[in-house]
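Start at 1 and go down the list; that is how both ligands and their atoms are numbered. Position 1 is the first residue of the sequence, and the numbers go up from there.
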Amino acid sequence: MTAGRALGPFGDDTHDVRVAPDVVLSQKYPFVLPPLGYAFQAAEPAVDAATLRAHHERVHAAHVASLNAALAAHPSLHPLTLGELLMGLRKWPAAVRPVIRLDGSAHANHALYWKLLAPGAPSVAVPGGKLAEMIRRDFADREALQAAIVDAAAAHAGTGWVWLVKTATSRLAIRTLPEEDSPLLEGELPIVGIDLWEHAYAPRPLARRRDYVLAVLARLNWDVAGAQVE
Ligand code: MN
């Protein structure tokens, strides 16, 4: 986003970035933890059931509660969707910005991550449609894309997420962002997000981060990823 420009509700309108048709991004205050929609053991062996359950019921739920608690004192922000709150972060009162950045991002990030881990038909195992074309254009093939995601995740120090995003110029790019920062904060559209916090793959040791990211990519629901760019 360009400083000093009048921003629309979705940020700089010259960017070819729109909030994806994502239910959680359309939520308004008070925000609600979305149901996982599948069994906790369904993402094994990439993510074990106990880890997935604690991550959804404790970590994600805590971010939703914290976001709601902070926004309770800011009724002027209640008509805004989560997507609008994230993309317009610079416009909101300074006192509430850190909470929207942390807990609002975390709410959006985890909601996408649960969907990306969702089991699906065998056809979801490979990217299709527009996303497949973009991968061919920007990474040659899915194997090269996945290798680049794994390398970026392994090189990222500390907490954060590894992302496949659609940039302001409609290219695919890999980012690693710290803590819970959503790509939407910078006007980039999340397509794939993999949580790199240790709580995402505990009790495995930190040295296994590469294996965890590989395992998540191996079972990724590419229908969900593809829907982000359609
Ligand atoms: Mn997490």
Side-chain angles (χ1 to χ4, degrees), residues 20 22-25 27 31-71 82-83 85-86 89 98-119 149-150 152-165 174-186 188-221 224-225 228:
D22 184 307
V23 170
V24 163
L25 289 181
Q27 278 188 4
F31 297 96
V32 177
L33 181 70
L36 196 60
Y38 50 88
F40 291 116
Q41 60 267 34
E44 291 183 343
V47 181
D48 69 88
T51 299
L52 189 56
R53 181 173 198 140
H55 199 173
H56 181 257
E57 292 185 348
R58 295 217 297 271
V59 177
H60 188 175
H63 284 296
V64 173
S66 176
L67 180 63
N68 284 335
L71 287 185
L82 180 60
L85 286 169
L86 293 173
L89 185 70
V99 171
I100 294 173
R101 179 176 177 176
L102 175 68
D103 297 305
S105 290
H107 186 27
N109 296 351
H110 287 91
L112 176 60
Y113 177 70
W114 309 137
K115 289 167 59 184
L116 290 166
L117 285 175
I149 291 173
V150 171
H156 180 73
T159 59
W161 290 63
V162 63
W163 295 98
L164 175 65
V165 301
I174 293 167
R175 308 271 186 243
T176 55
L177 299 179
E179 301 192 8
E180 294 289 342
D181 279 3
S182 165
L184 291 169
L185 297 172
E186 296 299 332
E188 296 195 322
L189 182 73
I191 299 170
V192 172
I194 301 177
D195 193 333
L196 300 180
W197 288 63
E198 208 167 347
H199 66 231
Y201 54 102
R204 299 172 193 180
L206 194 59
R208 300 286 303 278
R209 178 187 276 184
R210 179 180 284 270
D211 294 338
Y212 150 75
V213 173
L214 271 170
V216 169
L217 287 169
R219 59 151 298 111
L220 200 79
N221 189 320
V224 170
Q228 299 289 96

With a 6.0 Å cut-off on ring centres, are Y113 and H55 close enough? yes

To the nearest 10 degrees, calculate the angle at the Mn ion (ligand 1) involving NE2 of H199 and NE2 of H55. 90°

With the Mn ion (ligand 1) as the point of reference, which N/O/S atom of D195 is the closest? OD2

Looking at H107 and V24, what are the two nearest heavy atoms and their distance? NE2-CG1, 3.7 Å

Quick check: closest heavy atoms across I100 and L67, and the distance to 0.1 Å? CA-CD1, 4.3 Å

Confirm or rule out an N/O/S atom of H60, from backbone or side chain, lying less than 2.8 Å from the Mn ion (ligand 1). no

Step-by-step side chain to side chain contact (heavy atoms under 4.5 Å, CB included) determination, W161 to R175: CA-CA 8 Å; W161 290 63; R175 308 271 186 243; over 6 Å; no

